[in-house]
Amino acid sequence: MTSLPIIDPNAPSPSKTADSSGSDGAKGKYSFISLGCPKNLVDSERMLGLLDQDGYQLTQDTEGSDFVVINTCGFIERARDESFAAIEEMLDLKRQGKIKGVIVSGCLAERQKDTLLETCPEIDQIVGVFGREEITRVADRLVGKLEEQRTVFKPAPVRALNDRNRLRITPRHFSYLKISEGCDRLCTFCAIPKMRGKHATKPMEEVIAEAEELAADGVRELIVVAQDTTYYGMDLYGESRLAELLSKLNQVNGIDWIRLMYFYPMYVTRPLLETIAACDKIVPYVDIPLQHINDTMLRRMARRVTRSQTEELVGQMREIIPNLNIRTTFITGFPGETDEQFLELADFIAAQRFERVGVFTYSQEEGTPAVRLDNHLPEELMEQRREHLMAIQQEVVFDHNEAKVGQTLDVLIDQPVPGEKTAFIGRTVADAPDVDCVTYVTGKGLKPGDIVPTEIVMYKDYDLVGVASGPAK
């Protein structure tokens with residue numbers, strides 16, 4: 001569980017980073033716990049912004065709060081366990097009289113809206129994914145001790161919700177930019193459409209306005225996220241308009257890096273790749289979850305691509321985008337996966353030498369088609385297979401890192417090393433926050449948000465170590 005960090009109290013409105021220094025005349029004090037993916041984090045920031053505008057005071061000290069908001073994740077079992085642990089921890093503080101109320105929001109709330117109050121009857125208020133705009137009314141009811149309504153659930157919107165005027169909880173220099181909501185893919189293992197609804201594109205002018213607002217607030221790196229980024233525009237414009245959107249984002253003043261996440265392989269086209277290569281602010285990094293490579297597994301997953309199409313696409317991506325860093329994820333232990341199919345996946349990962357790879361064991365998700373498939377595998381075997389794939393990828397990453405030694409790379413500084421005055425933690429263009437590797441930089445006068453040329457002098461396992469070799473940009 002991660003409590004809300006309080007970062008940079010001097011960030012300006014309208015989009016600003018979180019600050020605990022509210023006025024004594026606040027309507028009430030609250031704390032916030034945000035769990036799950038970057039899309040959920042954007043929802044958290046929007047709720048924080050609404051509460052801030054309405055006069056509620058955010059505090060980092062949970063004890064003594066009038067209420068705590070827990071924005072939960074319900075994606076897979078491990079995420080749900082983390083969410084329930086956070087809920088139980090806050091309810092225990094409530095029982096001890098250290099906080100007055102608990103509000104549960106987000107994907108777990110949406111997915112278990114019919115049973116969550118039965119499971120945890122001490123929860124004061126429940127807010128579904130698309131009820132987030134009602135958070136101030138929910139807080140008013142809780143603080144005012146009005147108990148006639150304890151849940152707020154709204155239908156998935158036809159158009160994506162507006163995410164502007166957020167109170168950001170990322171460091172000031174980077175931010176997630178959500179360009180659409182929901183997903184029209186019907187992958188047999190995934191419950192996201194049940195929680196997040198169908199794909200809904202955020203209008204292009206709203207996305208650009210939000211990017212400009214973030215840039216004015218000091219953001220240097222925009223991380224473009226969605227459930228299905230490459231499907232952007234299909235519902236609103238009748239065609240994918242991601243390439244056009246990226247071209248316009250590339251022109252936003254103040255932004256230095258644009259990072260692309262959550263590409264679905266089916267809609268990655270040559271014109272899109274050519275646009276990415278032509279835009280100087282888009283870093284050579286694409287996150288494209290492939291999930292498997294065996295054709296039978298891909299069909300059972302309903303991925304709507306084949307091995308040959310995947311290999312052709314990966315080759316095309318590397319051909320068109322110079323020095324591309326590909327991040328991908330795979331699922332092992334999917335129902336029916338044979339030893340031969342698993343070894344095919346292992347050989348593919350070894351041959352492709354992806355820069356970044358995550359591997360997950362299959363999780364049975366209630367209500368998904370995969371639950372009804374035959375030949376479910378034991379947990380122990382799934383975990384053994386995951387460890388085997390990660391061992392292959394470890395060697396690949398170490399080789400990539402060894403090749404970086406002696407090179408000079410731009411590093412975006414995220415934070416100082418605790419207790420050190422000249423040591424900092426940052427990221428190269430190959431690394432997204434929280435999910436990838438880091439680079440340790442030694443240098444004087446650096447601060448978060450600086451982009452500094454760094455000579456890589458060594459690597460330590462997954463991470464690079466370097467020395468600032470020029471002035472920060």
Side-chain angles (χ1 to χ4, degrees), residues 38-39 160 163 174-181 183-185 199-215 219-290 304-305 309-328 352 354-356 410 412 427-432 436 451:
K39 284 87 70 179
D163 294 318
F174 74 79
S175 180
Y176 297 99
L177 180 67
K178 185 164 60 172
I179 64 173
S180 65
E181 187 56 84
C183 186
D184 285 357
R185 307 279 71 77
H199 180 95
T201 291
K202 186 183 293 182
M204 196 172 301
E205 60 273 15
E206 291 185 15
V207 177
I208 299 304
E210 185 179 342
E212 291 172 343
E213 181 181 281
L214 292 168
V219 170
R220 301 193 71 179
E221 180 185 16
L222 279 180
I223 305 169
V224 177
V225 298
Q227 301 297 342
D228 182 357
T229 309
T230 48
Y231 204 61
Y232 177 83
M234 291 293 289
D235 57 317
L236 187 58
Y237 306 115
E239 61 181 353
S240 177
R241 298 279 286 274
L242 181 60
E244 180 181 350
L245 175 65
L246 294 180
S247 294
K248 291 186 177 182
L249 287 174
N250 195 63
Q251 299 171 31
V252 174
N253 292 328
I255 300 300
D256 295 279
W257 288 7
I258 299 172
R259 187 178 301 277
L260 306 177
M261 307 289 286
Y262 309 115
F263 273 36
Y264 190 87
M266 187 176 173
Y267 291 97
V268 180
T269 64
R270 176 173 282 273
L272 173 60
L273 296 175
E274 290 172 346
T275 297
I276 293 170
C279 291
D280 61 313
K281 294 182 180 180
I282 299 180
V283 299
Y285 176 106
V286 172
D287 170 67
I288 181 168
L290 297 177
R304 300 175 67 188
V305 293
Q309 290 170 331
T310 300
E311 291 177 323
E312 181 180 358
L313 173 59
V314 171
Q316 190 177 72
M317 291 171 66
R318 294 205 185 276
E319 169 199 345
I320 295 173
I321 304 174
N323 303 311
L324 177 62
N325 299 277
I326 296 178
R327 173 176 177 80
T328 188
Q352 289 292 334
F354 295 109
E355 285 74 14
R356 303 289 182 256
D410 281 348
L412 176 61
R427 294 174 289 109
T428 70
V429 296
D431 300 298
D436 291 325
I451 298 176

- Item | Rounded distance [0.5 Å steps], OH in Tyr176 versus CG in Leu214 | 13.0 Å
- Arg304 side-chain N/O to Pro265 backbone N/O, donor-acceptor pair under 3.5 Å: no
- Query: Say you draw a straight line from CD1 of Ile276 to CD1 of Ile282; how long is it, rounded to the nearest 0.5 Å?
  - Reply: 5.5 Å
- What pairs with Tyr231 under ring-ring contact (aromatic ring centres under 6.0 Å, His included), at least two apart in sequence or on another chain? His199, Tyr267
Indicate every side-chain donor-acceptor pair of residues 310-317 with a distance under 3.5 Å to a residue at least two apart or in another chain.
{"from": "Thr310", "atom 1": "OG1", "to": "Thr306", "atom 2": "O", "distance (Å)": "2.9"}
{"from": "Glu311", "atom 1": "OE2", "to": "Arg307", "atom 2": "NE", "distance (Å)": "3.0"}
{"from": "Glu311", "atom 1": "OE2", "to": "Arg307", "atom 2": "NH2", "distance (Å)": "3.0"}

- Item | Qualifying salt bridge (Lys or Arg N to Asp or Glu O under 4.0 Å) pairs, either residue in residues 279-289, two or more places apart | Asp287-Arg327
- Who are the salt bridge (Lys or Arg N to Asp or Glu O under 4.0 Å) partners of Arg427, not counting sequence neighbours? Glu221, Asp414
- Task: Scan for salt bridge (Lys or Arg N to Asp or Glu O under 4.0 Å) pairs involving residues 222-241, sequence neighbours excluded, and state none if there are none.
- Result: Arg185-Asp228, Arg241-Glu244
- Query: Which one of Ile223, Leu249, Leu177 satisfies the side chain to side chain contact (heavy atoms under 4.5 Å, CB included) criterion with Ile258?
  - Reply: Leu249
- Would Asn250 and Leu246 satisfy side chain to side chain contact (heavy atoms under 4.5 Å, CB included), going step by step from the backbone distance to the final call? CA-CA 6 Å; Asn250 195 63; Leu246 294 180; over 6 Å; no
- Message: Check whether Thr229 reaches the backbone of Val225 with its side chain - one donor and one acceptor, N or O, closer than 3.5 Å.
- Response: no
- Distance in Å, Asp436 CG paired with Tyr285 OH, rounded so as to fall on 0.5 Å steps: 3.5 Å
- Item | Met234 backbone acceptor or donor facing Ser240 side chain under 3.5 Å | no
- Has the side chain of Lys202 got a donor or acceptor atom that lies under 3.5 Å from a matching backbone atom of Lys178? yes
- Any side-chain heavy atom of Val224 within less than 4.5 Å of one from Tyr232? no
- Query: Sub-3.5 Å donor-acceptor pair from the side chain of Tyr264 to the main-chain atoms of Gln227, do we have one?
  - Reply: no
- Item | Residues forming a side-chain hydrogen bond (donor to acceptor under 3.5 Å, both in side chains) with Arg318, sequence neighbours excluded | Glu355
